[in-house]
Number of protein chains: 2
Amino acid sequence: MKNHQFAIKPTSIKDEINELKMIHFLEPNDLNQQPRKLMLKLISRAFLEHQNAASNIKENIASLLATEDTNALEYLSKSNRPLNKIIFYNIALQLLRFKLTFDFKINQSQTFMKKSRLPIVNTSSDILSNQDVIKAWYLLLNTHTKFGQTYIDTIAAHGYYQQFNDLKKPLIFNGKTQPVFDTNQLIREVVYIEAPLDTDHDGKRDLLKADIVRPKESNQIKVPVLYTASPYNQGVNDQLSDQLTHQVNVKLKHKTPNHYQYQDIESHGNQSKNIPKPRKIKGESKYPTQSFSREMGYTLNNYFLSRGFAIVYAAGIGTKDSEGLRTTGDDLETISAKSIIEWLDNRRIAFTNKTDHIQVKAWWSNQHIAMTGRSYLGTLQTAVATTGVDGLKTCLSEAAISSWYDYYRDNGLVVAPGGFQGEDCDVLADETFSRFQKAGDYQHVKDQWKKQLDSITKHQDRLTGNYNQFWDARNYLKDVSHIKADIVMVHGLNDWNVKPRNVEHLWNALRNVPVQKKLFLHQGPHIYINNFQSLDFTDMMNLWLTNKLLDVDNDANQLIPDVTIQDNVKPQTWHTYQDWSNAKNALSLQIDNQFKLSDHQNGIKPMQFNDYLVPDIFNKYTKHYNKWYKDLMGNNDSPMSNNRLVFKTNPLKHDHYIDGKVHIKINAASSQNVGLLSFMLVDYGEATRLTHTPQLLSRNAIEAGYLWKRDDLKEFKLQKHPTPFKKITEGHINMQNRHNSYQVDELKPHQFYNVELDLQPTFYHLPAGRQLGLIVYASDMAMTIRGNQKIQYSIDPTKTIIHIPLWK
Amino acid sequence: MKNHQFAIKPTSIKDEINELKMIHFLEPNDLNQQPRKLMLKLISRAFLEHQNAASNIKENIASLLATEDTNALEYLSKSNRPLNKIIFYNIALQLLRFKLTFDFKINQSQTFMKKSRLPIVNTSSDILSNQDVIKAWYLLLNTHTKFGQTYIDTIAAHGYYQQFNDLKKPLIFNGKTQPVFDTNQLIREVVYIEAPLDTDHDGKRDLLKADIVRPKESNQIKVPVLYTASPYNQGVNDQLSDQLTHQVNVKLKHKTPNHYQYQDIESHGNQSKNIPKPRKIKGESKYPTQSFSREMGYTLNNYFLSRGFAIVYAAGIGTKDSEGLRTTGDDLETISAKSIIEWLDNRRIAFTNKTDHIQVKAWWSNQHIAMTGRSYLGTLQTAVATTGVDGLKTCLSEAAISSWYDYYRDNGLVVAPGGFQGEDCDVLADETFSRFQKAGDYQHVKDQWKKQLDSITKHQDRLTGNYNQFWDARNYLKDVSHIKADIVMVHGLNDWNVKPRNVEHLWNALRNVPVQKKLFLHQGPHIYINNFQSLDFTDMMNLWLTNKLLDVDNDANQLIPDVTIQDNVKPQTWHTYQDWSNAKNALSLQIDNQFKLSDHQNGIKPMQFNDYLVPDIFNKYTKHYNKWYKDLMGNNDSPMSNNRLVFKTNPLKHDHYIDGKVHIKINAASSQNVGLLSFMLVDYGEATRLTHTPQLLSRNAIEAGYLWKRDDLKEFKLQKHPTPFKKITEGHINMQNRHNSYQVDELKPHQFYNVELDLQPTFYHLPAGRQLGLIVYASDMAMTIRGNQKIQYSIDPTKTIIHIPLWK
């Protein structure tokens, strides 16, 4: 185990004493207490699940060992030996739930802590004074246990803060808000917010359902709000979207050249000018009249419920119990998502139902709102943030799309989100159109919906794959300058669903926007990272939101690194940086003796590869992507060996760190008047690499509060067996989109053209001894359309350059 | 989907009306209401999450379709068309959460219901009268939704019973107790029960920790108790047990013949006569002084918490926070588990902690106790039941061991629980000895524990594999006649961990014991079955426990079938029987032209096979059991082809149903003075078979109550691809244990002996066209010791008979 905690706020001894008094760990006369006695008192107070029953607590303390042969109760209460750091941490590690014998040996507590990066108190002497014990205890409360939570969170989950039941307001300890709110008494309410939209053209503004979960205490105090805009949250129509999923075994078609400039395809928004008038308000109710009993279980939201935040879920236009139609990513959907914030900020109307026009207000909201969630949920955060809406203080945007073209297309090609071949905007629209699930409601909008869906299918234009007005209307990057909310971005460097380009574009576009921004890049695919053992992500988000939504001055901006990137070589290792994808150094590789075809030809003459596969093989690959990946990257005898070119460097003499977008310049020809090129950068070399996904360490080990939700503790581990290669990144381009994704160029058979593109950005540590490989191929079984056409591609190796940005 | 509901209690219209009034679905004047209006009222009342807000409820009803083009609100409130069954069930199926278009077509509701085995109300006319609507609604409330729960349970999970918040006593509807207890206000307490044991020899009786979760209402009323004795519940020592796991690649050793009779190895119990005196009681406390915040999440227990049952978890001697040492299966462990019941039945003392001697009573217990849980948890139920202890009314014993010899041994051989090669009683003892986890406590018993563990290791006797005093002390079957509790048994016919013999022995031993007994045999391995879509297991357990623990006369014994067995051919299909493994019919197969070696020799001369495998193959098999199974059962070119004999019948002309224990008589010789024989019965024939484990249908779909725990809905499905064979059952024997498992016989090399054994019992449907196969082999990679000795085995086919009990 390796611990990385950034959210421990350095605190003066004076403040430490005050805070410990505030959370009832210290009483005034403890400051004169003998160190051993003080430690005994502190531990006793941590065992409050024993309801202050002295003997039960003592039994528990006696079950901890202080030395090889003396238990903690005996040592601290009876011995006259002094209290030194070894003893303190012998006991402390057991409190942090590390196992004696197996995790650490008694008297080697500090060695284990250093190795595990657990913080050790800084004292002038090895023998602890009263104040040293206070400092050490304060630090211990903020130190992570074996199960990835602070010790104070752990004892809170065992009932420590039950003594604050009557507090009824936030309690801040070490800059972070504490779980002192009673999650057994949450209030669950439904409201219908009237959006300035009429997407289903029924002549009435669209009412949008919002599910609210808020602490009972918010009847007395105003509370901050976490808002998750999730189109999935009212259910999905898997069967509808399965039916609509597009055939991808279709031929790549020649496109008629054009001379489009950006203004030719620029979108100015779909926002209708003729929005119906607001409904007439016929009355007001303090409380909504509808409740619910099931909410989405987003772990981070649950964590903040016990800390006094209200949580709001809304699925938006076209979802079950709301009005309107799905538009998937355009400004109408942004307005839909934004309307919820406006209501929470007291600037928009909500009703108790769709019939009575009885208004209901968010009087419990402190008008400090953050948005949370991953994927589409993160995407809508970016969307809403670019409107600059008031009230939205920050976004915790995970694995978010920043431009939908970068999700469903690439350089003039239809390119699927990894694992979802044939998906497109229309498929997603139909999948999330959960109004379908209420047959009586669906009946009224069936025809409108068919029209809308047909329109999406038409304008997304799978035929050309070009960027057009449809996609420009779904590009949030155009409006990044309007962002006023501080942004936390989280993305997987191996996320081939929402590809890393999405976060990189946003990160770079935000560079000069005057908001605070933080970036976390992990080694996972399309996942959340708030359940890792090695990183205090949740604590950082607490620090961040305590600062942004509760206005507590807690140094969140200084303590949370600007860029935190997970190491791809060593498990449980995170590095911090000042920036990403802004490298000053680079490496340029040409195809020569250093970077050559893997079968040891060097590159002088044009080299060829085919796209066509015999039907048996083709069909197998379309069903077993892993087999195809393996054959593409390895195995010279495989059916893929004529369908690709593999270039490899010699084994690297020293470590390399790729930082950002690898850029390819290639000179290539197609044997037909159509062509697509795919590029994959590969890390070659037998090595034990990280698992693809975080592995379960301990089921339900993470506790969001006392008698409240739990989550599994996970972490990437080293795989059991070495592997010969790993994909670093990739990219695809239609050879007719050599200038950009909307201008179509001519492509003549057998004529050589310069083609340039950026691969998906990354941060990759390539250790010495490995070989960097580039694979050039055409159809990508997992992502592009797969025409299985009899096309031969040629490249001129003398005119091919790979530009690799390097961290150092 | 196919629904099997046994727990719907047929009820007279008079009682239906009374019950519906009691749960507030009917008001007096509803009995004169027009049928359409009545149905509208009933549906309205089902939407109480809308807090009686008329418009919100109406919006919801309007979202249901009654006909192709009319919604339910419109149809029921405005139309003057009569209410017929088609309309009723069009709407009802939507309430049951089936999807229009995809699950069923409007106006084909009844066809869908018949196909899915959903119950339809019996009426004299298709046009429903007022009383018909009442009958239909009553039945609907008791009908399963798409997600495997009754409709009343579903709306209860959405808050329906919130209106009974002040009831504070059980509410019985259709014979089953309803979720009217507030799980947000559960009381969690810890007590220390003083067992009449001193297993750690410290001169004091062992105190055993029990974790209690009980509804707050039990402060006013006495409640029934579900008690789960789980040695795992305070944590396990994986690392300790991994270290202790035995090497199984050891040679089978010759055993010196003996002439043991049963009395030579009979155990008379380890129960010490010199138990220390009880502690002196120094006071009494109404409430315990210790609480806790994490309990084991056993789904069935959670379900009953919302229904007003108290749940008690206790891990027993030698576990964390308890005293004593683990003994694994003997009468001391039984006494340990039984002590908890005695306290719950007011006949044993418990204290608030281990220090103060302050007594605390289970004054909230109605002294009607059931035990629950699977595997070791089920085993301890059988153990305790055989003591005939008062207070224990019933056991819901799932996948339970009935004799530990049948768990770790077989016919004079060490035979592992499937998947746990090298495990034994000592390994399990060390794994569950969770006192180890509290270092300060462990320190005191370290030496005693080492002694105890060494003694288990010695007496379990892996050298001979014989049944001895150690195993006789762990054989609950000896005391089945003492059982006074009614017993529900659940077991997987593919459970190779706790093998089916365990339940079959218990079932047969109970046949003449005057208690009620029910048996469920499913197609799974070692799993729970309370989350299946196709069977109302949970409802049946409700009916059962409402009868046994709340003394409600609800026909539980009549309604729940005696034997319920899941079909192994068709998914979602359950059949009921009067008995199991008591077949009157049988089929005897000899090795002849009908039942012959698979390579078409017929059997006249002795036939041979070897046990030895070349090291490469052997090592591979020891790591990849699935590969070995495949090679054993199939693949004539595999390395196993000389290490087995495969006999197959001709394709069967009609369906066969194996019912119970297949008995093998064989005449065999070993080339050495040691020998073991394994037998596997196999279903041969390309067929699409059930998945090995239930597959996820819907995450968190099953709700144990309002705002309470959830569980995943699962079901066996047909596998995607056909398979050529499936293991039906198996058995193993040491050739030196030809008489029984304790008498050791001589074995001379090359001499032929008659060997007889029962294979593990089963119930297996072998459809026409399949071939029944018998594989004879020696070492079993997954279960027996694996000496890889150069032994050749011979069998005389003329003297080999397979006796197959048949259901019909």
Side-chain angles (χ1 to χ4, degrees), chain A residues 49-56 58-66 68-74 94 99-102 106 157-159 184-186 188 190 237 239-240 288-294 297 320-321 352-356 358 436-443 700 703 706-707 710, chain B residues 49-56 58-66 68-74 94 99-102 106 157-159 184-186 188 190 237 239-240 288-294 297 320-321 352-356 358 436-443 700 703 706-707 710:
Chain A
E49 68 211 275
H50 293 171
Q51 300 171 346
N52 282 317
S55 297
N56 299 61
K58 278 186 187 162
E59 288 169 12
N60 241 309
I61 300 176
S63 76
L64 307 165
L65 270 192
E68 192 80 54
D69 52 12
T70 313
N71 73 49
L73 182 69
E74 211 179 322
Q94 293 170 74
K99 275 192 197 171
L100 257 166
T101 311
F102 288 111
I106 201 107
H158 286 252
N184 275 326
Q185 296 198 55
L186 295 171
R188 288 173 174 82
V190 177
N237 309 314
Q239 285 153 310
L240 286 184
T289 54
Q290 184 175 340
S291 182
F292 63 97
S293 60
R294 286 181 73 102
K320 183 159 69 87
D321 296 329
T352 56
N353 57 48
K354 297 183 214 157
T355 313
D356 299 336
I358 304 296
F436 172 79
Q437 294 180 19
K438 293 214 156 171
D441 179 41
Y442 174 61
Q443 187 203 18
N700 283 329
E703 303 180 281
Y706 179 58
L707 301 175
R710 296 179 193 163
Chain B
E49 68 212 274
H50 294 172
Q51 301 171 345
N52 283 316
S55 298
N56 298 60
K58 279 185 185 162
E59 288 169 13
N60 241 310
I61 300 175
S63 76
L64 307 165
L65 271 191
E68 192 80 53
D69 52 13
T70 313
N71 74 49
L73 182 68
E74 212 178 321
Q94 293 170 74
K99 276 193 198 168
L100 258 167
T101 313
F102 289 110
I106 201 104
H158 286 252
N184 275 324
Q185 297 197 57
L186 295 170
R188 289 173 174 81
V190 177
N237 309 314
Q239 285 152 311
L240 286 182
T289 53
Q290 184 176 338
S291 182
F292 64 97
S293 60
R294 287 181 74 102
K320 183 157 71 86
D321 295 330
T352 55
N353 57 49
K354 298 183 213 156
T355 313
D356 298 336
I358 304 297
F436 173 78
Q437 293 179 22
K438 292 215 157 170
D441 180 40
Y442 174 60
Q443 186 204 20
N700 283 328
E703 304 179 281
Y706 179 57
L707 301 176
R710 297 178 191 164

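What you see is a predicted model, and the numbers here were worked out from it, not measured in a lab. Naming: A, B, ... by sequence-line order, numbering from 1 per chain.
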So which of A:Leu73, A:Asn700, A:Thr101 has the biggest tally of heavy-atom pairs under 4.5 Å with chain B?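 Of the candidates given, the most pairs with chain B belong to A:Asn700.
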Leading residue by heavy atom contact count with chain B [cutoff under 4.5 Å; candidates A:Glu68, A:Gln437, A:Glu703]: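 Highest number of heavy-atom pairs under 4.5 Å: A:Glu703.
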Interatomic distance, [X] atom [atom1] to [Y] atom [atom2] [nearest 0.5 angstrom]:
X	Y	atom1	atom2	value
B:Asn56	A:Thr352	CG	OG1	5.5 Å
B:Asn71	B:Gln94	CG	CD	10.0 Å
A:Ser291	B:His158	OG	NE2	11.0 Å
A:Leu65	B:Asp441	CG	CG	10.0 Å

A:Gln185-B:Asn184 side chain donor-acceptor pair, cut-off 3.5 Å: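 Absent: no donor and acceptor within the cut-off.
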Side chain / backbone / both / neither for [X] at chain A, heavy atoms under 4.5 Å:
X	value
B:Lys99	side chain
B:Ala72	neither
B:Phe436	side chain
B:Gln443	side chain
B:Leu186	neither
B:Glu74	neither
B:Arg294	both
B:Thr70	backbone

Should B:Gln290 and B:Asn353 count as side-chain neighbours, where that means a heavy-atom distance under 4.5 Å?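 Not touching, per the 4.5 Å side-chain cut-off.
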Heavy-atom cut-off 4.5 Å, strictly under: side chain, backbone, both or neither for A:Ala66 against chain B?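 Contact with chain B is absent: no heavy atom of A:Ala66 under 4.5 Å.
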Using a cut-off of under 4.5 Å on heavy-atom pairs, state which of B:Ile106, B:Asp69, B:Ile358 scores highest against chain A.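 That would be B:Asp69.
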Without swapping roles, check the side chain of A:Lys354 against the backbone of A:Asp321 for a donor-acceptor pair under 3.5 Å.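 Judged by distance alone, yes, a pair lies under 3.5 Å.
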Could you report the tightest heavy-atom contact between B:Tyr706 and A:Ser293, atom names first, then the distance?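 In terms of heavy atoms, the two residues are closest at CE1-CB, 3.8 Å.
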